*Asks:* 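Quick one: the structure is below, and I'll ask about it shortly.
Keep in mind the model is a prediction, meaning the values are calculated, not measured.
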Amino acid sequence: TIPADNMAISCSSDGEITISGSVTLANGGCTSNMTTNVPMRFTLYDNTGGTGTVLDTWTETFTSANIAAGGGTQAFTITNHNVTSNLVTNSTGCQVSIRVEADYSATICESDGTNNSYIADNKAIDIPDIVVQSDSLVTNCTGGGEITASGSFVLANNGCGSNLTNNIP
């Protein structure tokens, strides 16, 4: 089973995000420790609850598992995954969800393989989207083929999350 996650979404560059963090797996079996590699599948949705449009799907394998029987748990760090998508516009209320599936290929012999899916829900998007809202720029010809511009402009943050407080180059 998958009892918890600690995944986060961050802006890695214009139009690209990185998903990072960890996922915790549990062993509800009653025999020995689970020490096999675990194939994992992740599906990013543009909405909460594991619904909406699929934005990306990827797989990886968790290795070095050693999860005690009878409810033992182990946290695995996921490989950072980049997604090219504008999550400001491709999210619902600046939130998305990630469906996590352990043993998605059913290669591990289990007593109950139906409990291997988990929704990492309500993942907040905190990504700015800077736009020029208005300007009062004026250009003047100074002679010799040179032009000067003067005036001001107003920037707005049409993105998701917290207020933008960084310097803008």
*Asks:* Is it true that Asn116 and Glu110 share a donor-acceptor pair across their side chains at a distance under 3.5 Å?
*Replies:*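 Checked: Glu110/Asn116 side chains pair up, N/O donor to acceptor below 3.5 Å.
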
*Asks:* Any sub-3.5 Å donor-acceptor pair from Asp103's side-chain atoms to Thr107's backbone N or O?
*Replies:*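 The answer is yes, because a donor-acceptor pair under 3.5 Å joins these two groups.
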
*Asks:* Would a distance-only check, ignoring hydrogens and angles, find a side-chain to backbone donor-acceptor pair under 3.5 Å from Gln74 to Ser64?
*Replies:*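 Yes, because the side chain of Gln74 sits within donor-acceptor range (under 3.5 Å) of the backbone of Ser64.
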
*Asks:* Of all heavy-atom pairs between Glu101 and Ser117, which one has the smallest distance, and what is that distance?
*Replies:*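 Heavy atoms of Glu101 and Ser117 come nearest at CG-OG, 4.1 Å.
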
*Asks:* Does Ile130 offer a backbone N or O that forms a donor-acceptor pair with the side chain of Asn157 under 3.5 Å?
*Replies:*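 A pair under 3.5 Å: no.
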
*Asks:* Do you know the tightest heavy-atom contact between Cys11 and Ile127?
*Replies:*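 Reported closest heavy-atom pair: CB-CG1, 3.9 Å.
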
*Asks:* For atom CG of Asn140, decide whether the heavy atoms of other residues, nucleotides or ligands shown that lie under 6.0 angstrom number more than 12.
*Replies:*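 Counting other residues, nucleotides and ligands, CG of Asn140 exceeds 12 neighbours.
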
*Asks:* Taking it one step at a time, do Asp5 and Lys123 satisfy salt bridge (Lys or Arg N to Asp or Glu O under 4.0 Å)?
*Replies:* CA-CA 11 Å; Asp5 82 279; Lys123 295 297 179 184; 2.6 Å; yes

*Asks:* We want to know whether Asn66 and Asn33 form a side-chain donor-acceptor pair, criterion being a heavy-atom distance below 3.5 angstrom.
*Replies:*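 Asn66 vs Asn33: donor-acceptor pair found between side chains.
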
*Asks:* On a heavy-atom basis, which atom in Gly50 and which in Ser97 lie closest, and how many Å separate them?
*Replies:*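 Looks like N-OG, 2.9 Å.
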
*Asks:* Would you say the side-chain atoms of Thr51 pair up with the backbone N or O of Thr48, donor to acceptor, closer than 3.5 Å?
*Replies:*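 A pair under 3.5 Å: yes.
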
*Asks:* Is Thr92 reaching over with its side chain to a backbone N or O of Asp46, donor-acceptor style, under 3.5 angstrom?
*Replies:*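 The answer is yes, because a donor-acceptor pair under 3.5 Å joins these two groups.
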
*Asks:* Any donor-acceptor pair under 3.5 Å linking the side-chain atoms of Ser152 with those of Ser136?
*Replies:*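 Checked: Ser136/Ser152 side chains pair up, N/O donor to acceptor below 3.5 Å.
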
